[in-house]
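The structure under discussion appears below in the form of structure tokens.
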Amino acid sequence: QVQPVESGGGLVQPGGSLRISCAASGSRFSVYAVGWYRQAPGKQRELVALITSDGSTNYADSVRGRFTISRDNAKNTAYLQMDSLKLEDTAVYYCNAGSLLVVLAGRYDYWGQGTQVTVSS
């Protein structure tokens, strides 16, 4: 099992950039797909980006072209580079890992604390 710890969130202006990190424990991290999710106030948690063990990526339409997911298996860490941030990107961002099906479904036994990303003028 992985134990994800998100970090790097903060307050940014619209149009700004932020890179958040997902540090995971577990020796099988490299085998897992990794997903970044976000939950805005009053909304359901949604998958915004994923990366497979082979490095293939996919993005929600709302962030495609602005966000980039990556991973460094040697560091057991995944990243989400967020560019051209918009007000509607404001949310708590979470990461998690598992099989691709699990990542797509967002079904996990455990969620970390997340990291708050606030886009505001």
Qualifying residues under salt bridge (charged side-chain N to carboxylate O under 4.0 Å, His left out), relative to Arg71, sequence neighbours excluded: none

Non-hydrogen atoms of Ala78 and Phe29 that approach each other most closely: N-CZ, 4.2 Å

Tyr59 (side chain) donor-acceptor with Ile69 (main chain) under 3.5 angstrom: yes

Closest heavy-atom pair and its distance - Gly106, Trp111: O-CZ2, 3.4 Å

Co-membership, hydrophobic cluster, residues Leu47 and Ile51, 4.5 Å side-chain: no

Hey, can you pull the donor-acceptor pairs under 3.5 Å for the side chains in residues 114-121, sequence neighbours left out?
unit_1: Thr115; atom_1: OG1; unit_2: Gly9; atom_2: N; d: 2.9
unit_1: Gln116; atom_1: NE2; unit_2: Ala91; atom_2: O; d: 3.4
unit_1: Gln116; atom_1: NE2; unit_2: Thr118; atom_2: OG1; d: 3.2

Salt bridge (charged side-chain N to carboxylate O under 4.0 Å, His left out) involving Arg19 - partner list, sequence neighbours excluded: none

Pairwise distance CG(Leu87) to CD(Gln13) - rounded to 0.5 angstrom: 11.0 Å

Main-chain N/O of Ser56 paired with Asp54 side-chain donor or acceptor, under 3.5 Å: no

Face-on cation placement of Arg45 at Tyr94 ring, 6.0 Å and 45° thresholds: yes

hydrophobic_cluster_shared for Val92 and Trp36, side chain cutoff 4.5 Å: no

same_hphob_cluster(Leu80, Leu85) at 4.5 Å side-chain heavy-atom cutoff: yes

Ring geometry between Phe67 and Tyr93 (parallel below 30°, tilted from 30 to 60°, perpendicular above 60°): tilted

Side chain Arg107, main chain Val102, donor-acceptor under 3.5 Å: no

Pair Asp89 + Lys86: basic N to acidic O under 4.0 Å: no

Side-chain (Gln113) to main-chain (Glu6) donor-acceptor, under 3.5 angstrom: yes

Neighbour count above 12 (heavy atom, 6.0 Å) for Gln44 CD: no

With Thr77 via side-chain contact (heavy atoms from CB on, under 4.5 Å) - residues at least two apart: Ser21, Ala23, Lys75, Tyr79

Results of side chain to side chain donor-acceptor pair (under 3.5 Å) for Ser84 - residues two or more places apart only: none

Check: Tyr108 and Val103 side chains under 4.5 Å, non-hydrogen atoms: yes

Residue pair Gln39 / Glu46, side-chain heavy-atom distance below 4.5 Å: no

Qualifying disulfide bond (SG atoms under 2.5 Å apart) pairs, either residue in residues 34-121, two or more places apart: Cys22-Cys95

Gap separating the CE atom of Met82 from the OG atom of Ser17, nearest 0.5 angstrom: 9.0 Å

Sole candidate of Thr57, Asn96, Leu104, Val34 that passes side chain to side chain contact (heavy atoms under 4.5 Å, CB included) when paired with Leu50: Leu104

